[in-house]
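Structure first, then comments.
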2 protein chains.
Amino acid sequence: MHKYEKIRMELTRRINSQTWPVGTSIPHEDELAAEFGVARGTIRQALSSLVEAGFLEKKRRAGTRVAYPKDHASTLRIALVRDQIEQGGHAYAYQLLDDKVRDGVRHVLCLHARDRRPYQLEDRRISLDGIPSAKQADFATISPNEWLLQQQPYSRVETELSAATPNTHDVKYLDLKPDEPVFLVTRETYLDAIWLTRARLSHPASVYSIRMDSAFQ
Amino acid sequence: MHKYEKIRMELTRRINSQTWPVGTSIPHEDELAAEFGVARGTIRQALSSLVEAGFLEKKRRAGTRVAYPKDHASTLRIALVRDQIEQGGHAYAYQLLDDKVRDGVRHVLCLHARDRRPYQLEDRRISLDGIPSAKQADFATISPNEWLLQQQPYSRVETELSAATPNTHDVKYLDLKPDEPVFLVTRETYLDAIWLTRARLSHPASVYSIRMDSAFQ
DNA sequence: TCATTAAATATGTATAGACATAATTAGATT
DNA sequence: AATCTAATTATGTCTATACATATTTAATGA
């Protein structure tokens with residue numbers, strides 16, 4: 001175990017045991033460095049992850065304080081749907097439902113299944129200006145989702161998570177129970193100012209949720 | 001603008017312009033340090049945020065490669081519901097609906113409103129073993145959510161996001177439209193191995209969604 | 001040929017020092 | 001007393017160097 005990890009654990013312990021209650025200023029980096037017998041850089045490395053996780057707040061000149069745990073940050077990774085399914089030990093299947101071009105936008109509808117049951121309906125729009133190679137792409141075997149990831153970098157992603165009543169496509173393809181809502185992930189990606197693609201990913205509420213686990217040993 | 005910021009921007013440019021296409025190895029840290037005329041530590045600082053955002057992948061001895069953009073990470077911060085509402089310039093109101101103790105668990109039901117309309121129904125369970133001071137807390141004026149944040153640190157948070165059909169309490173208090181689903185945030189916090197509290201936060205789907213915006217200039 | 005072992009190497013950790021910068025505090029001026 | 005100014009200070013950035021460590025690559029031996 002590295003020095004900064006040991007120090008981080010000890011600092012975490014002091015926070016959790018309320019040795020340093022919420023709101024108090026903790027010793028300066030130089031003092032901590034002296035206490036633990038390490039260089040200031042090592043202290044800074046130990047502090048940085050605690051700041052990132054929202055347990056500490058730093059301000060120049062004012063020092064470092066134990067943060068009120070509101071606004072706690074969690075890192076969310078939405079993986080490729082195929083990986084999501086296969087990593088859970090399930091069978092993945094893909095099916096193209098519709099594919100057309102209009103106004104310089106390729107519009108694709110396809111279905112991702114888990115163990116032969118509908119899992120995600122992908123309603124995808126791709127800018128042919130932004131991604132010219134999308135004109136020739138064959139989405140019969142590879143999903144737009146997966147194809148896009150191999151193609152093009154992007155600089156900005158906007159993601160929205162919501163609950164919704166199913167639209168007509170959802171009803172038709174997702175095999176929903178009576179009154180079952182859908183969980184929506186809407187994602188739009190840009191390269192600088194250029195719009196590249198938009199995805200509406202709908203899932204039966206009974207089979208899909210997003211879990212986050214932000215922990216500190 | 002600092003050196004590492006300039007360098008990060010230039011590296012970002014090379015990735016986005018496909019000067020360094022996805023999958024390629026970028027120059028070693030020492031080479032980049034020589035190219036930009038800075039110390040290796042400065043290069044590492046520039047790289048770290050790109051690694052964190054998922055644009056680069058590092059591996060010892062193997063070097064640094066441009067990552068396939070699957071599994072792109074976003075940092076999600078779920079703020080205090082009152083802040084959420086007030087920061088949007090809306091009026092916040094709080095109302096206690098029910099409050100009882102059973103089997104060492106305090107069980108509170110309360111409603112958070114935005115502009116006099118139901119926004120979040122908070123179904124809260126607090127362990128009186130884990131948080132003894134919760135016995136005396138008065139939730140008539142302050143919500144458990146807010147009270148807890150001022151009280152107790154925690155070391156682990158499990159969050160689950162899902163869509164669901166409303167339960168009887170949701171129907172009674174959330175003023176839902178016909179067939180409107182709810183967006184659920186379920187949150188459980190622990191201090192080491194000790195269970196502290198569990199919250200079921202339900203929202204009318206029409207008024208609530210979670211947005212994330214992961215950008216790089 | 002194949003498995004094992006040893007060398008090479010790029011990133012990871014740590015140190016010690018210098019200077020920059022934002023924010024506070026104390027002091028000077030009106 | 002109120003306002004502006006200067007000193008102070010804790011964090012932020014940067015350098016230069018040394019060694020540690022995970023992985024790959026090359027060399028060795030059965």
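Atom set for the values below is all heavy atoms of this structure, side chains included, hydrogens, waters and symmetry mates excluded. We name chains A, B, ... by the order of the sequence lines, and we start the count at 1 in each one.
In this entry the distance linking CD of B/Gln45 with C1' of C/dT13 reads 16 Å, nearest Å. Nucleotide C/dT13 holds its C1' atom 13 Å from the NZ atom of A/Lys6, rounded to whole Å. One can place CZ of A/Arg40 at 13 Å from P of C/dA18, the figure rounded to the nearest angstrom. The CD1 atom of A/Ile43 sits 9 Å away from the P atom of C/dT15 (whole-angstrom rounding). The CG atom of B/Leu32 sits 8 Å away from the P atom of C/dT11 (whole-angstrom rounding).
Residue A/Thr64 places no side-chain N or O under 4.0 Å from the OP1 or OP2 atom of D/dA10. The side chain of B/Tyr4 places an N or O atom within less than 4.0 Å of a non-bridging phosphate oxygen (OP1 or OP2) of D/dT13. Checking the phosphate oxygens (OP1, OP2) of C/dG12, a side-chain nitrogen or oxygen of B/Arg44 falls inside 4.0 Å. The phosphate of D/dA22 (OP1 or OP2) has no side-chain N or O of B/Lys58 nearer than 4.0 angstrom. Side-chain N/O atoms of B/Thr42 include none lying less than 4.0 angstrom from OP1 or OP2 on D/dT13. The side chain of A/Lys59 places no N or O atom within less than 4.0 Å of a non-bridging phosphate oxygen (OP1 or OP2) of D/dG12.
Nearest-nucleotide mapping onto DNA chain D: of B/Val38 and A/Leu47, the residue sitting toward the 5' end is A/Leu47.
Side-chain contact annotation: B/His28 with B/Glu31, donor-acceptor N/O pair under 3.5 Å present. Under the 3.5 Å distance criterion, with hydrogens and angles disregarded, no donor-acceptor pair is assigned to the side chains of B/Ser25 and B/Arg65.
Residue side chain A/Arg61 does not reach the base of D/dG12 through any donor-acceptor N/O pair under 3.5 Å, judged by distance alone.
The six-membered or imidazole ring of A/His112 lies near that of A/Tyr94, with a centre-to-centre distance under 6.0 Å.
The aromatic rings of A/Tyr119 and A/Tyr208 stand perpendicular to each other, their planes meeting at an angle above 60°, with 30° marking the opposite boundary.
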